[in-house]
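Residues: numbered from 1 along the sequence shown. Just the heavy atoms: all of them, side chains too, but no hydrogens, waters or symmetry mates, feed the values below.
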Amino acid sequence: DPAAAERAWAALPLRAGGEVIGALTLTFAGPRRFAADERTFLATVAAQCALSLERTRLYEAAQAERERLRAVLSQLPVGVIIGEAPSGRLVLGNEEVERIWRHPFLRSASVGEYSGYRGFRPGAENVLGAEDWPLARALLHGEVVSDEEIDIQRGDGSRGTILVNAAPIRDADGTVVAAVCSFLDITERAESRRRLDSAYAAEREARAAAEAAWSRLDRLQKVTAGLSEAVTPVQVATVMVEGGLSVLGGTSAWIGVLDEPGRTLVALAASFPIEPGGPAAQIPLSAASPRAEVTRTGTPVWLPSAAEAQDRYPGLRAIGIAGGALGVVPLVSHGRPIGAMLLSFDESRELAPEERALVVTLAEQCAQALERARLHQREHDTALTLQQSMLPSALPVVSGLGLTGCYRPAVETLEVGGDWYDVHALPDGRVALMVGDVVGRGLGAATTMGQLRSALAALALSEAAPGRVLDDLERFARRVEGA
């Protein structure tokens, strides 16, 4: 299309967490040269696009975790409501809330709207103010409310009594970010003490489950963010070791992958010191080890205690595995085990199904991130080799002229680019000094650089003037993709 040749184009990478996740391409009506401020503006637009895409991905992960939390709450025999701080917006309420109140869950947008729930002090007729509700006090003042009885007016006009507990949820800095409120219908005081005590215990477990789920969501998001920034297998494994301990409350963790021949597991990261050449550093795939076994079979191993683990795998004593339960899962990529992840816990117990599912989910994320890191490293090594091979191994000897050359990137990075230099002694006695840079990084840029370097060397031997050589190179570059 002749018109397309007269248009200006701009293409910018979309980067997030050190990785290119897409591209932004813009076409302009006519030819133009982009000024520095225009290039800065386009780079800013690309950065904002990448940030929006990354936020969308994290938001979707958070929504999935919220749905899992909602599913847990729906199975609890007590009413549970979670509110955000500082607004007081009610974000979650389970089905038991509607059963107790006998009207739909009211998604109040602020503390001031809590008056939609009518409550009274036992024996009094004064309606509770919006800020008097236990959940509001936990959100606004960080107050922990335990076993507070409140009379309520239900949706059908009848009266009842609930036993309320509320507590703030704090972040690492101690700031209240949310609060959880649980309540139990104790209207029928004639029921036996045993049933009341049992329900109260269930309510306490509900509050603990809600707090743990909310806190686990925050830690999962941090693990996801860490994996998005990790670009090497060691960095990925380190993030997952720390994240696995944080999310699951484990005491020790180990991650390793198969070596190139596929006969030995090599440790990438662990929460305990690994002696080079020691039993935890390298594990033969044929060894009687849970990590070797799950890598061979692709099936997780769950052990309720260190004693049982050591009886089944005596080699665990050598690396100091002690304490309670043990979970070992394979790292699977494209349907093939590539390594193993081990997590141990303080207490001896059978890991609950949801805990096992979370361990497997973390292992899946780790395997995917390791595969990305391997591909990234492989492309880097290939491009680096290609780039080095295309730089001159020696400069020509020119009478009366001393030449030396050095290639040194301005910024330390895992990716290589399209920079090159060259020197040619021309037949007419002139010396051609060449320095070039292809936009972009990685294998594509290095390949494009090789084509342009070879073309420029050939054109220079034509003994034309430098300006003519560059004009001819420009015409050649238009036919080279990525130039």
Side-chain angles (χ1 to χ4, degrees), residues 1 4-5 7-29 31-65 220-233 235-236 239-240 243 333-334 361-362 364-384 386-387 409-419 437-452 477-478 480-483:
D1 181 2
R7 298 175 183 171
W9 294 75
L12 301 95
L14 302 180
R15 300 179 184 276
E19 292 185 349
V20 175
I21 62 174
L24 173 65
T25 305
L26 302 97
T27 308
F28 297 83
R32 62 186 296 164
R33 291 186 177 276
F34 296 96
D37 58 341
E38 291 178 314
R39 296 187 180 194
T40 300
F41 172 75
L42 292 176
T44 301
V45 170
Q48 291 299 317
C49 289
L51 181 60
S52 296
L53 289 173
E54 183 67 6
R55 284 176 175 171
T56 298
R57 185 181 63 80
L58 293 176
Y59 175 78
E60 291 175 349
Q63 285 297 100
E65 188 64 24
L220 279 173
Q221 290 175 336
K222 291 179 179 178
V223 172
T224 301
L227 288 178
S228 69
E229 296 177 358
V231 295
T232 68
Q235 290 174 347
V236 169
V239 168
M240 189 54 68
S333 176
H334 302 293
T361 298
L362 289 174
E364 291 172 350
Q365 292 185 355
C366 182
Q368 293 171 7
L370 285 172
E371 186 64 21
R372 290 196 303 269
R374 282 180 167 182
L375 292 175
H376 185 278
Q377 187 66 45
R378 188 176 298 122
E379 179 179 340
H380 164 70
D381 293 342
T382 301
L384 182 61
L386 177 61
Q387 185 178 55
V411 179
E412 291 295 329
T413 174
L414 282 177
E415 292 194 282
V416 294
D419 310 315
D437 181 14
V438 173
V439 175
R441 293 188 176 278
L443 184 58
T447 303
T448 302
M449 175 267 285
Q451 296 181 64
L452 296 183
R478 292 173 183 171
V480 177
E481 183 177 356

Interatomic spacing from [atom1] in [X] to [atom2] in [Y] - rounded to 0.5 Å:
X      : Y      : atom1 : atom2 : answer
His334 : Glu371 : NE2   : CD    : 4.0 Å
Leu362 : Met240 : CG    : CE    : 5.5 Å
Trp9   : Thr25  : CH2   : OG1   : 8.0 Å
Glu19  : Arg372 : CD    : CZ    : 5.5 Å
Leu51  : Thr44  : CG    : OG1   : 12.0 Å

Checklist entry - For the rings on Phe28 and Phe34, is their centre-to-centre separation under 6.0 Å? => result yes
Next on the checklist: Does Arg55 have more than 12 heavy atoms from other residues, nucleotides or ligands lying within 6.0 Å of its CZ?
Outcome noted: no
Taking every non-hydrogen atom, the tightest pair across [X] and [Y]:
X      : Y      : answer
Ile21  : Ala16  : CD1-CB, 3.8 Å
Ala29  : Arg7   : O-CG, 3.7 Å
Ala373 : Thr232 : CB-C, 3.6 Å

Item to check | side chain to side chain contact (heavy atoms under 4.5 Å, CB included) evaluation trace for Leu14 with Leu53 | outcome: CA-CA 9 Å; Leu14 302 180; Leu53 289 173; 3.9 Å; yes
Next on the checklist: If we ignore hydrogens and angles and just use 3.5 Å, is the side chain of Glu54 paired with the main-chain N or O of Ala50 as donor and acceptor?
Outcome noted: no
Checklist entry - Got Leu12 and Leu26 here, is their nearest side-chain heavy-atom distance under 4.5 Å? => result yes
